[in-house]
Amino acid sequence: MEGKTVLVAGAAGFVPSTLCEHYLNLGAKVIGLDNFITGSESNIELLSKSKNFEFHKHNIYESLPDFKSQKIDYILSMASPASPIDFGLIPLEIMRVNSEGTLKLLELAKEKNARFLEASTSEVYGDPEIHPQTEDYVGHVNPIGPRSCYDESKRFAEALTMSFHTKYKVDTRIVRIFNTYGPRMRPNDGRVIPNFITQAMRGEDLTVYGDGTQTRSYCYSTDLVQAIHNVLMSDDVTPFNCGNPDEYTVKETAELVIKILGSKSKIKYLPLPKDDPKRRRPNIGKLQSISDYKPVVKFEDGIKATAEYFKTLL
Ligand code: NAD
Ligand code: UDP
């Protein structure tokens, strides 16, 4: 990637900052954009140690910086809050960044003749009726439910991306990211892994929503970054599931976190949020048909590394 310039929208966030680091390590110049609505200044401070990193504080759905004659080879559209807690707090910001923000980035990709990658989500499948989920499944989304600001705006972002490809021949890629965790997540982000780890570390009860029989498949952040990179380097414009197919019930997840961290915490049960998907597991056969992708970080190691990171913050 030496000599290449990668623009990462959402650079102060958990997954996007891990991607920035990946491309800096590969010798690229990385330009980060973020308005810090859910990102952390500390992620930018870390990246700013590299002379190849440039940062602009910017709300991407209002405007983009003027890149003038700056060459840009890749644009990674990663800016969006992603925690269900945010769906209730900042729904309009979520809808605007995934629609107007994505539009601005696609226009920039067209202008710069850059390859564009949209960070979509397993949420486009909604509460899926097929299991595991394959890319040809068109989804089961409630358009007016508590998650719809995220699910529907990501579906819109996919449609917009495909439209720029068909209408203007912009070189696009789409990744559908499944539940990902790791260092650089906010400990108070509200998603299941940071909640369980921080609760276990403090000796508090782990809050399992519902009866805990719903499932998720968790991917460690560096494994996800490798998957995204493989799609970015492919020549296929259709969506790819990116994640780790190892599936756990939420109750099992809580029990494992307690065991891995040697915690004395117990489990307490709270009501299940509306429209909470019952089962989720990616079929990653399509990704594996274009690359030798295999997630390598074990759940136990990923949980320990994330807990170590949280210790430095708490
Ligand atoms: P994150 O909240 O840590 O990162 C998103 C970043 O985007 C934040 O730094 C935030 O401040 C920034 N941002 C939001 N709106 C912005 C705006 N208008 N202008 C500029 N910056 C803005 O979340 P994450 O978990 O790292 O997710 C990153 C991307 O991956 C998102 O697009 C998300 O939808 C997608 N994704 C993540 C997961 C996951 O499990 N982590 C799963 C599916 C999809
Ligand atoms: N969950 C839970 N306790 C928590 C946080 C989440 O039981 O403290 C459950 C949530 O109901 C869902 C799963 O864990 O079934 C994953 O939730 P998360 O918010 O991480 O992401 P989602 O996959 O729902 O977007």
Side-chain angles (χ1 to χ4, degrees), residues 8-19 32-41 43-44 56-64 76-87 90 92-102 104-105 117-124 127 146-147 150-151 153-154 157 175-182 184-186 189-199 205-219 221 224 228 241-243 248-251 253-254 257 267-280 282:
V8 180
F14 154 53
V15 172
S17 66
T18 316
L19 263 170
L33 306 179
D34 209 291
N35 65 350
F36 296 109
I37 190 165
T38 53
S40 318
E41 305 250 1
N43 289 337
I44 295 300
H56 301 261
K57 184 170 179 201
H58 230 86
N59 181 337
I60 65 153
Y61 63 71
E62 283 173 349
S63 62
L64 295 181
L76 309 186
S77 170
M78 307 291 303
S80 169
S83 168
I85 285 196
D86 294 324
F87 305 167
I90 44 172
L92 296 169
E93 288 84 346
I94 291 174
M95 296 202 79
R96 292 191 69 181
V97 72
N98 285 316
S99 53
E100 296 166 72
T102 303
K104 288 202 164 46
L105 295 174
L117 179 135
E118 173 59 24
S120 183
T121 166
S122 53
E123 288 285 322
V124 299
D127 189 3
R147 306 173 80 95
Y150 184 67
D151 300 9
S153 64
K154 286 287 187 183
V175 287
R176 292 184 179 153
I177 302 172
F178 282 64
N179 295 66
T180 300
Y181 72 101
R184 305 214 181 137
M185 268 184 125
R186 294 170 300 168
D189 168 288
R191 283 178 274 186
V192 65
I193 298 291
N195 272 8
F196 285 179
I197 292 180
T198 51
Q199 289 160 346
D205 291 346
L206 272 62
T207 51
V208 168
Y209 302 159
D211 60 7
T213 54
Q214 71 272 33
T215 68
R216 292 295 184 273
S217 306
Y218 309 106
C219 187
S221 46
L224 177 75
I228 294 176
N241 288 339
C242 290
Y248 303 87
T249 68
V250 166
K251 181 165 177 276
T253 310
V257 169
I267 291 175
K268 80 172 169 196
Y269 291 87
L270 296 178
L272 187 69
K274 187 173 178 321
D275 290 347
D276 198 281
K278 281 180 270 314
R279 294 183 79 188
R280 188 183 287 151

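Note that these values count all heavy atoms, side chains included, but never hydrogens, waters or copies made by symmetry. Indexing begins at 1, ligand by ligand and atom by atom, following the structure's order.
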- Query: Between Ser83 (side chain) and Asp189 (backbone), is there a donor-acceptor pair under 3.5 Å?
  - Reply: yes

- Query: Of the protein's non-hydrogen atoms, which lies at the shortest distance from atom 30 (O) of ligand 1, and what is that distance?
  - Reply: Ile177 CD1, 3.7 Å

- Item | Residue, atom name and distance, where the atom is the protein heavy atom closest to atom 31 (C) of ligand 1 | Met78 O, 3.2 Å

- Item | Nearest-contact summary for atom 39 (C) of ligand 1 - protein heavy atom, Å | Arg191 NH1, 3.3 Å

- Task: Specify the protein heavy atom at minimum distance from atom 34 (O) of ligand 1: its residue, its atom name, and the distance to 0.1 Å.
- Result: Tyr150 OH, 2.6 Å

- So which of Val192, Asp151, Ile85 gets nearest to atom 17 (O) of ligand 2, if we judge by its closest heavy atom? Val192

- Message: Would Asp276 count as being in polar contact with ligand 2, using the rule that some N or O on each side must be under 3.5 angstrom apart?
- Response: yes

- Note on the structure: re atom 32 (O) of ligand 1, the protein heavy-atom contact at minimum distance is Lys154 NZ, 2.9 Å

- Counting both backbone and side chain atoms, is some N or O of Asp34 under 3.5 Å from an N or O of ligand 1? yes

- The atoms of ligand 1 lying under 4.0 Å from a heavy atom of Val97, numbered in the order shown, are 15 (N), 16 (C), 17 (C), 18 (N)

- Query: Hey, looking at atom 2 (O) of ligand 1, which of Thr38, Thr18, Thr180 has the closest heavy atom?
  - Reply: Thr38

- Message: Can you tell me which portion of Leu206 lies within the under-4.0 Å heavy-atom range of ligand 2? Options are side chain, backbone, both, or neither.
- Response: neither

- Query: Just by modelled atom types, is the Ile60 backbone N or O under 3.5 Å from a matching donor or acceptor in the Asn35 side chain?
  - Reply: no

- Ligand-side contact atoms (ligand 1) for residue partner Phe36, heavy atom cut-off under 4.0 Å: 11 (O)

- Among non-hydrogen protein atoms, atom 26 (O) of ligand 1 lies closest to Val15 N, 2.7 Å

- By side-chain hydrogen bond (donor to acceptor under 3.5 Å, both in side chains) - contacts of Arg280 (at least two apart): Ser122, Glu123, Asn179

- Quick one: which ligand 1 atoms are inside 4.0 Å of a heavy atom on Gly39? 8 (C), 9 (O), 10 (C), 11 (O)

- Does the side chain of Tyr61 reach to within under 4.5 Å of the side chain of Glu93, using non-hydrogen atoms? yes

- Item | Nearest option to atom 13 (N) of ligand 1, as decided by whichever heavy atom of Asn35, Asn43, Ile44 sits closest | Asn35

- Show which atoms of ligand 1 fall inside a sub-4.0 Å distance from at least one heavy-atom site of Thr121. 43 (C), 44 (C)

- Message: If the cut-off is 4.0 Å to any non-hydrogen atom of Pro16, which atoms of ligand 1 fall inside it?
- Response: 26 (O), 28 (C)

- Note on the structure: If you scan protein heavy atoms around atom 3 (O) of ligand 1, the nearest is Phe14 N, 2.8 Å

- Residue selection (non-hydrogen contact nearest atom 23 (O) of ligand 2) among Arg216, Glu123, Lys251: Arg216

- Assign the ring pair Tyr150 / Phe87 to parallel, tilted or perpendicular, where the plane angle (0 to 90°) is split at 30° and 60°. parallel

- Task: Quick one: look up the protein heavy atom nearest atom 24 (O) of ligand 2 and list residue, atom name and how far away it is.
- Result: Arg147 NH2, 3.0 Å

- Query: What do we get for Gln214 next to ligand 2 when only non-hydrogen atoms under 4.0 Å count, side chain, backbone, both or neither?
  - Reply: side chain

- Looking only at protein heavy atoms, identify the closest one to atom 5 (C) of ligand 1 and say how far it is in Å. Ser80 O, 3.4 Å

- Query: Of the backbone atoms (N, CA, C, O) and the side-chain heavy atoms from C-beta on, which set of Asn195 has a member under 4.0 Å from an atom of ligand 2: side chain, backbone, both, or neither?
  - Reply: side chain

- Message: Test of understanding: with side-chain hydrogen bond (donor to acceptor under 3.5 Å, both in side chains), list the residues that count as partners of Ser120, not counting sequence neighbours.
- Response: Glu158

